[in-house]
Amino acid sequence: MHHIQLKQFSLASIQHHKQTIIHLLQSPSTTTKQLKQIHAQLLQSPSSFSSFFLCNSLLFAYAASSTPTHAFSFFATQMGHLHPNNFTFQFLLKASSKSKSVFQTVQIHSMTLKLGFGSYTFLQNAVLHCYVVCGCVVDARQVFDEMPHKDVVSFNSMIHGYCNSGEMDAASRLFSQTPDPNVISWTAMVVGYSSIGDVAAARQLFDRMPDRDLVSWNAMISSYVQNRHPIEALNLFCQMQAENFTPNPVTVSSVLSACANVGALDTGKWIHVFLNKKHFRLDPFLGTALIDMYAKCGVVELALEVFGRLQERNSCTWNAMINGLATNGHAKQALDLFSKMQVDRSVRPDEVTFVGVLLACSHGGFLEEGKKHFYCTLRDYGVNPLVEHYACMVDLLGRYGLLKEAEHVIRNMTIVPDVVVWRALLGGCRLHKDVELAERVVSEMEARDSGDYVLLSNLYASIGRWDDVEKVRKIMKDQGIQKIPGCSSIVIENTIHEFISGDKSHPRYAEINEKLEELGRKMAAVGYLAETGVVFYDIDEEEKEQALGHHSEKLAIGFGLISTAAATTIRIVKNLRVCNDCHTVTKLISKIYNREIVVRDRVRFHHFKDGECSCKDYW
DNA sequence: TTAGGGTTAG
């Protein structure tokens with residue numbers, strides 16, 4: 001319809017169509033392209049710019065468009081003869097805040113003062129907000145202090161400003177001075193505490209809020225998600241519905257991310273059904289969240305289905321899909337998708353994309369392709385290599401036993417290598433039993449955690465150097481380094497069951513143990529021998545077998561076997577890497593009990609079926 | 001016609 005109307009404009013009839021043009025400019029369905037066409041036609045009849053109302057409408061349209069900076073150029077070149085009013089400034093400030101332009105903000109701010117709008121609260125609030133989104137808290141504070149009449153919006157913007165660079169003391173002080181804080185003031189504080197990682201303080205404020213709206217619920221849920229408390233996020237999501245708040249697309253994106261982190265496939269599927277029922281538009285946020293949820297729950301097929309159906313994809317969407325394929329063992333497909341991304345002109349690979357691409361190369365064992373992407377493609381796209389990229393590259397070289405080359409890459413890094421990079425090299429040492437290099441790496445790492453000591457210790461154990469095992473054990477004891485306990489979870493009928501290594505606290509522990517003993521007998525019958533090298537310390541063989549038998553994933557799988565129907569896929573999420581023994585055992589379980597078992601470890605997926613694993617024993 | 005909430009990697 002708009003297209004037909006546009007065609008009707010002729011030079012002579014612009015005045016005649018002024019109302020139609022203004023209507024189009026104010027319509028939210030007018031696209032940026034149409035807006036530019038209208039502007040171009042108006043330029044052919046400069047007299048049209050004598051209409052102040054039309055000029056302001058054009059500013060309004062540009063401020064709301066995907067190219068807000070056009071508002072400034074239009075104002076500077078075509079509105080010089082007009083006296084700006086409060087609307088003019090309002091729209092220009094909207095454009096400033098969207099484009100986060102400090103320069104424009106300063107310009108408009110000084111004009112508002114010069115033209116006598118300094119005591120206009122509405123406008124100065126907008127100026128204040130612009131400084132806040134530009135990250136200029138000091139300037140924002142100056143505006144705030146110089147405002148003769150402050151209202152709750154002024155306080156809220158200023159609070160938000162302090163919450164943003166992380167100045168919670170200042171935010172809190174101002175919050176306590178706010179004459180009549182509203183739900184927005186409270187929510188801003190919740191978000192502030194969340195952003196500095198203080199979820200407890202955020203929750204405390206949330207509980208004390210006099211009233212809450214959907215945005216406050218969303219803020220608290222995403223606070224949990226972003227601070228890696230997905231279970232609390234899901235609990236709060238239930239509570240929110242119990243209090244009769246209907247989730248919107250924002251809620252759903254956060255909750256899907258929580259499902260992804262915890263591996264809650266059923267809840268994730270329920271949300272998928274819910275958002276279809278509500279006819280939520282699958283925008284890139286929602287689409288990406290869905291893809292990531294399915295991928296992190298180990299169901300790549302459904303992730304691909306969503307990806308294929310999306311109308312609109314941004315780089316996050318592609319990244320989530322590429323990464324999902326890579327971590328689920330579909331390295332080739334991940335790289336194929338990356339090729340498609342390269343020819344899609346609507347997106348551009350970024351640093352996250354290359355994490356996925358290099359991960360695919362490393363998991364798939366594509367040495368040459370990995371080198372090509374790391375040394376050439378990444379740089380072609382102007383991406384500066386991050387430690388994550390180096391870590392993938394070191395991992396890839398390490399797998400091939402090219403430990404010297406891997407070390408060379410680290411020594412020549414343009415940025416400071418962090419523990420993740422050294423740890424990648426350490427993984428290579430483990431695989432190829434290079435004790436000397438491993439010792440050197442551990443001594444050079446700045447922040448060692450228990451996992452690094454455990455790895456070194458296991459390396460000694462695997463070649464029978466029990467004295468050294470004892471030495472490492474003593475270092476850990478002396479320095480008070482605790483081994484991070486393995487923890488695996490499984491979702492059964494919407495309840496998350498967590499098992500810690502050696503844990504006997506589960507109410508059905510006796511049955512689980514019985515099942516594991518039965519398993520032991522069945523495995524012995526097919527010639528299984530426990531790989532006792534991975535047990536951390538030197539204890540006698542029988543004890544070692546006991547310790548191995550109670551690794552957290554075995555407990556979780558045992559529970560899965562007794563609490564789900566035959567042939568049901570068992571899905572486990574683990575906080576650490578899977579050990580060799582558990583890997584062997586899980587392969588056998590998949591064959592003996594005819595079950596598909598999907599284990600998500602700290603880094604990647606293992607899909608076990610018919611006695612084999614998707615990682616091809618290479619992880 | 002100004003103020004608070006969302007996705008990917010780590």
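Small disclaimer: the values here were computed from a predicted structure and weren't measured. Quick note on labels: first sequence line is chain A, next is B, and so on, each numbered from 1.
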Here the residues of residues 250-261 of chain A within 4.0 Å heavy-atom distance, strictly under, of DNA chain B are A:Val250, A:Ser253, A:Ser254, A:Ser257

Would A:Tyr131 and A:His109 count as a ring pair (Phe, Tyr, Trp, His ring centres under 6.0 Å) if you check the C-alpha gap in whole Å, the side-chain angles of each, and the deciding distance to 0.1 Å? CA-CA 10 Å; A:Tyr131 280 123; A:His109 180 204; 5.5 Å; yes

Would you classify A:Phe60 as touching base, sugar-phosphate or nothing, given that sugar-phosphate means primed atoms plus P, OP1 and OP2, and contacts are heavy atoms under 4.0 Å? sugar-phosphate

Among residues at least two apart in sequence or on other chains, which ones pass side-chain hydrogen bond (donor to acceptor under 3.5 Å, both in side chains) with A:Arg208? none

For A:Ala61, side-chain contact (heavy atoms from CB on, under 4.5 Å) partners two or more places apart: A:Leu25, A:Leu35

For DNA chain B, which residues in residues 323-352 of chain A have a heavy atom at a distance below 4.0 Å? A:Asn323, A:Val352

Would you jot down, in residue-number order, the residues of residues 171-188 of chain A having a non-hydrogen atom under 4.0 Å from DNA chain B? A:Asn182, A:Val183, A:Ile184, A:Thr187

I'd like the 5' and 3' limits of the part of DNA chain B contacted by chain A, with heavy-atom contacts below 4.0 Å. B:dT1 to B:dG10

Which ones in residues 87-108 of chain A lie close to DNA chain B, meaning a heavy atom under 4.0 Å from one of its atoms? A:Phe87, A:Gln90

The side-chain hydrogen bond (donor to acceptor under 3.5 Å, both in side chains) partners of A:Arg313 (sequence neighbours excluded) come to none

Check side-chain hydrogen bond (donor to acceptor under 3.5 Å, both in side chains) between A:His229 and all other residues, then give those that pass, not counting sequence neighbours. none

Are A:Phe175 and A:Trp186 close enough, and set up right, to give a ring pair (Phe, Tyr, Trp, His ring centres under 6.0 Å), and what steps lead you there? CA-CA 8 Å; A:Phe175 178 65; A:Trp186 285 87; 5.1 Å; yes

Listing request: all side-chain hydrogen bond (donor to acceptor under 3.5 Å, both in side chains) pairs with a residue in residues 147-157 of chain A, at least two apart in sequence or in separate chains. A:Asn125-A:Asp151, A:Asn125-A:Ser154, A:Asp151-A:Ser154, A:Asn156-A:Asn182, A:Asn156-A:Ser185

Applying ring pair (Phe, Tyr, Trp, His ring centres under 6.0 Å), name anything that partners A:Phe144, two or more places apart in sequence or on another chain. A:Phe155

Within 6.0 Å of CD in A:Gln311, more than 12 heavy atoms from elsewhere: no

Close residues, residues 116-137 of chain A, relative to DNA chain B [heavy-atom separation under 4.0 Å]: A:Phe122, A:Asn125, A:His129

Surrounding CZ of A:Arg228 (heavy atoms of other residues, nucleotides or ligands, distance under 6.0 Å), is the total greater than 12? no

